[in-house]
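Heads up, the thing below is written out as structure tokens.
Keep in mind that what you see is a predicted model, and the values were worked out from it rather than measured.
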Amino acid sequence: MLKRIREALDANIDYRGAIIGATLLGAIVFRLNYAHGAPLATVAGLKQATYTFFVAGFIVKNNERLARRGAKPAVALLLAAFVSTSIAVSLTFLVHSLKGTPEPALSTLPTALIGPPGFLILAWRARRNGVRELPQPVGTLELDSPAGNRRGREEI
């Protein structure tokens with residue numbers, strides 16, 4: 001069961017982006033809330049870092065998938081950036097509206113400012129790199145014949 005969870009996380013989270021985003025946004029939110037004291041600022045920063053690691057890592061993968069869809073690149077890029085930013089800003093505000101963050105709106109501001117250009121650049125990079133094969137769904141196995149011809153999928 002843990003192996004399946006790990007495979008699902010690997011297929012849906014961009015770990016490098018998640019670590020960078022968690023560190024950057026956690027530090028910014030800590031600084032924005034520091035006027036309310038170090039303990040509250042730490043809570044806000046850790047909430048932001050944890051949220052960013054798990055949720056933003058997923059949003060980045062989803063952003064890449066959206067960017068690769070559709071025949072019109074401009075529409076796909078704008079849609080990917082808009083959807084990803086909307087999800088990120090909404091969820092960030094929700095997380096910070098829960099008890100523990102002194103300035104929820106101010107804590108959401110970095111996501112609202114960094115999100116649109118950041119997601120647009122990530123979408124452009126995904127589109128530019130072309131359609132890469134996404135990981136196979138958990139529970140399937142590609143089989144090849146000795147001649148190299150694809151025979152199909154078989155459930156494990």
Legend entry - Where Ser107 and Pro110 come nearest, the two heavy atoms and their spacing: O-CD, 3.4 Å

Inset, instruction - Might you point out which heavy atoms bring Phe93 and Thr108 nearest each other, and give the distance in Å? - result: CA-OG1, 3.3 Å

Legend entry - Nearest heavy-atom neighbours spanning Ala112 and Val89: CA-CG2, 3.7 Å

Legend entry - With sequence neighbours excluded, residues passing side-chain hydrogen bond (donor to acceptor under 3.5 Å, both in side chains) with Thr52: Gln48

Inset, instruction - For Arg127 and Arg69, indicate whether the former's side chain and the latter's backbone hold a donor-acceptor pair under 3.5 Å. - result: yes

Legend entry - Other ILVMFWY residues reachable from Leu32 by side-chain steps of under 4.5 Å: Leu24, Leu25, Ile28, Leu106, Leu109, Leu113, Ile114

Inset, instruction - Might you point out which heavy atoms bring Ala126 and Arg68 nearest each other, and give the distance in Å? - result: O-NE, 3.9 Å

Inset, instruction - Would you list the pairs meeting ring pair (Phe, Tyr, Trp, His ring centres under 6.0 Å) in which at least one residue belongs to residues 3-44, sequence neighbours left out? - result: Phe30-Tyr34

Inset, instruction - Give, for atom CG of Leu40 and atom CD of Glu103, the distance between the pair rounded to the nearest 0.5 Å. - result: 10.5 Å

Legend entry - Sequence neighbours excluded - side-chain hydrogen bond (donor to acceptor under 3.5 Å, both in side chains) pairs with any residue from residues 75-90: Asn63-Ser84

Legend entry - By side-chain hydrogen bond (donor to acceptor under 3.5 Å, both in side chains) - contacts of Thr111 (at least two apart): none

Inset, instruction - State, to 0.1 Å, how close Pro102 and Asn33 come at their nearest heavy-atom pair, and which atoms those are. - result: CD-OD1, 3.4 Å

Inset, instruction - Can you establish whether the number of heavy atoms outside Arg16 located under 6.0 Å from its atom CZ is more than 12? - result: no

Inset, instruction - Tell me, please, which residues at least two apart from Arg6 pass salt bridge (Lys or Arg N to Asp or Glu O under 4.0 Å). - result: Asp10

Inset, instruction - Calculate, to the nearest 0.5 Å, the distance between atoms CG and CZ belonging to Leu66 and Phe82 respectively. - result: 12.0 Å

Inset, instruction - Identify the two heavy atoms, one from Thr101 and one from Lys47, that lie closest to each other, and give their separation to 0.1 Å. - result: OG1-NZ, 2.9 Å

